[in-house]
Amino acid sequence: MLKLKYFSTCVFLLTLFSINRICASDYFLNALRIYTEGRFFEASIEFERAIYYETDSNLISVSKYYKSLCYKELGEYDKALEELAKENMESLPDSIFLAFGYEKVLCSYMKEDLNQALFNIDKVYQRFKDTLRILEFLPLNILCLNSCREWNNAMILWNYYIDNSRLNDSVKVNFRQEVNRLYDKKNLPGFYFPDKAERLSTYLPGSGQIYCGALPEGLFNLSINGTLLYYAFSQLYNKFYFTGYFVGLKLFNKFYSGGIRRARSLALEKNEKGIKSFNLKNSTLMKRLYTENVASIH
Amino acid sequence: MIVTELTKKILISSVFFILTLFLRVFSQIAPDCDLKFINHLFKTGCIRETLFLLDSEECSSFQMNDSVNYLRGWCYSLLKRLESSSENFLKVAPASSLYPESHFYAAYNYAQEGNLIKAEGVLEEIEVCTQDHLLLKNHELAGIRLLHGDLFPFNERLSEFESDLPEIRTSSINLINISTELSSHKSKSPLLAGLFSAVIPGSGKFYAGRKGEAVSAFLSTAGMGLVTWENYRKNGLHDYRTIAFGAIFGLSYLANIYGSAFSVTVSENDFKEHVKTEVLFHMRIPLDSFFNK
């Protein structure tokens, strides 16, 4: 009878312990369910709950990973990176390390922090030297290199990416040709030096804008400045000194200095636009390669 | 015999397991307000998340719970939704240990929002049970009097608290300094500023304390005046250029008068805002150190 009592106590405690384990993983599963329903804010809370109650370090890591995904979906890249930084990556198993690394790179890229993105890519490459496991990082790496205008390095990675795909040789050749065409000098986005644009507009109003490719805007600026300068000097010539100075020259000064500032901002704007459109072309090609790769596997 | 013993054990194990599992399932159907986790979220700075859980269905039956209202008050306060924050703080019952803190902060939030009558009302109604709380209450009331701009009742209040508490003493000295600054402050008249600018363009802005703007206003208005005079002298009164520049000068002159009067109003508002910020700061310091925030 006494034996039976001890046995009952043990079973009770064991059951409680096992049920508690079920509860902790329940939080994770519940969070995952909410995440798949697309309720990312609520999911982030539930993943935090899983992190708070869970004792299994791997499940905690996975919860942190998913929590960062929630923040990424919400467009809160800083918070996503903060969540990912909470985990000591070196101690993680390879699969989780890769997932963390990828999200870190992606969020840094989305935040337009290219140096951080490239740094994170390097960290992953250091751990997986000469393996095919880094293949999924290549598209992001290429986009980052494009943004830094490192065309040659980006092309090398493109070729490596194509070589290691499972496409047949003829398709690979086609893709290589497309990449070569994309990175052809005449197809690369132009770079407008902001200082040069500013200097040009200083010497000749509107020329900075024309240098950046905005011909109508440049001509308009030139004509406005020319008219005002003509007005100022004609007034001064006719001995209307106050009118020439206070109306003509003052207004000319406003338009002239505004034009210089505009030339600089236009150069920066055009550079950014060029890179974005070039990366969009790259992304389209990457998507096509990925789709054909998947199709060839099946 | 052995078989019977084993059957018993299996039966007991099964019963326990099913019972606990049932309890678990039941608890999932009716989830409770996990205050432990909510507190953790709050402490880690996840304010929106904390508020989301406090407002969720799970916590709806805990509406009268003092901890829930206290936390909700803090969340709204940190999100700068001061009215809601005060409302939630005020729901904390006098029996709760969180009562003094909640009600003091409710009053402070009302004061911060500019609702001084409500702030004063809340402070007057706080049931103080210790001498320290009474001193803090007097300090906060004095601050509100100062925000009202009533210097005489403020000085009266000062005599009521000769505090030995360092948290209050320093802040009360600072409040006294602010009251001295307030009493010595001479308000500037927008009408006078307008008059100054009508005589000499820009001088009204100089009077308002905006020297750079004054020089700029003088140069631009005087410049347009000179242009108008020049065109009048050389082209005559009925020339379109004289009329156009004259109209621009007239507008600039009138705008300058209005601008000067407006500058004085802005300067006065800036001074009031500066005093308000200072007073609120010295009302907040003792609160935070008193309640270890």
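A, B, ... follow the sequence lines: proteins, then strands. Residue 1 opens every chain. All figures in this text were calculated on a predicted structure; none of them were measured in a lab.
Of all heavy-atom pairs between N231(B) and F240(A), the closest is OD1-CE2, 3.6 Å. The minimum heavy-atom distance between E48(A) and L41(B), with the atom names listed, is CG-CD2, 3.6 Å.
Contact of the F242(A) side chain with the T228(B) side chain is not registered, since no non-hydrogen atoms from C-beta on lie closer than 4.5 Å. Put simply, the side chain of R49(A) does not reach to within 4.5 Å of the side chain of H40(B), judged on heavy atoms. The shortest distance between side-chain heavy atoms of I45(A) and F37(B) falls below 4.5 Å.
Crowding of L254(B) atom CG: a count of heavy atoms from other residues, nucleotides or ligands under 6.0 Å exceeding 12. More than 12 heavy atoms of other residues, nucleotides or ligands shown are found within 6.0 angstrom of CG on L219(B). Shown here is Y256(A), whose OH atom has more than 12 heavy atoms of other residues, nucleotides or ligands within 6.0 Å. More than 12 heavy atoms of other residues, nucleotides or ligands shown are found within 6.0 angstrom of OH on Y231(A). Residue-environment remark: CZ (F206(B)) stays at or below the threshold of 12 foreign heavy atoms within 6.0 Å. The 12-atom threshold is not exceeded at NZ of K254(A), counting heavy atoms of other residues, nucleotides or ligands nearer than 6.0 Å.
Within the 4.5 angstrom heavy-atom criterion, no atom of I248(B) approaches chain A. Heavy atoms of R48(B) lying under 4.5 Å from chain A belong to its backbone as well as its side chain. Only the side chain of F41(A) comes within less than 4.5 Å of a heavy atom of chain B; its backbone N, CA, C and O stay farther away.
Residues of residues 76-99 of chain A lying under 4.5 angstrom from chain B, judged on non-hydrogen atoms, are E76(A), K79(A) in numerical order.
For E213(B), the salt bridge (charged side-chain N to carboxylate O under 4.0 Å, His left out) partners two or more places apart in sequence, or in a different chain, are K205(B), R210(B).
Summarising the geometry, atom CD belonging to E42(A) is positioned 9.5 Å from atom CG belonging to L53(B); distances are rounded to the nearest 0.5 Å.
Donor-acceptor pairing under 3.5 Å is lacking for the side chains of D34(B) and Y52(A).
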Run the side-chain contact (heavy atoms from CB on, under 4.5 Å) check on Y245(A) and V227(B) step by step: do they pass?
CA-CA 9 Å; Y245(A) 178 74; V227(B) 170; over 6 Å; no

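A donor-acceptor pair under 3.5 Å links the side-chain atoms of E230(B) to the main chain of Y241(A), judged by distance alone.
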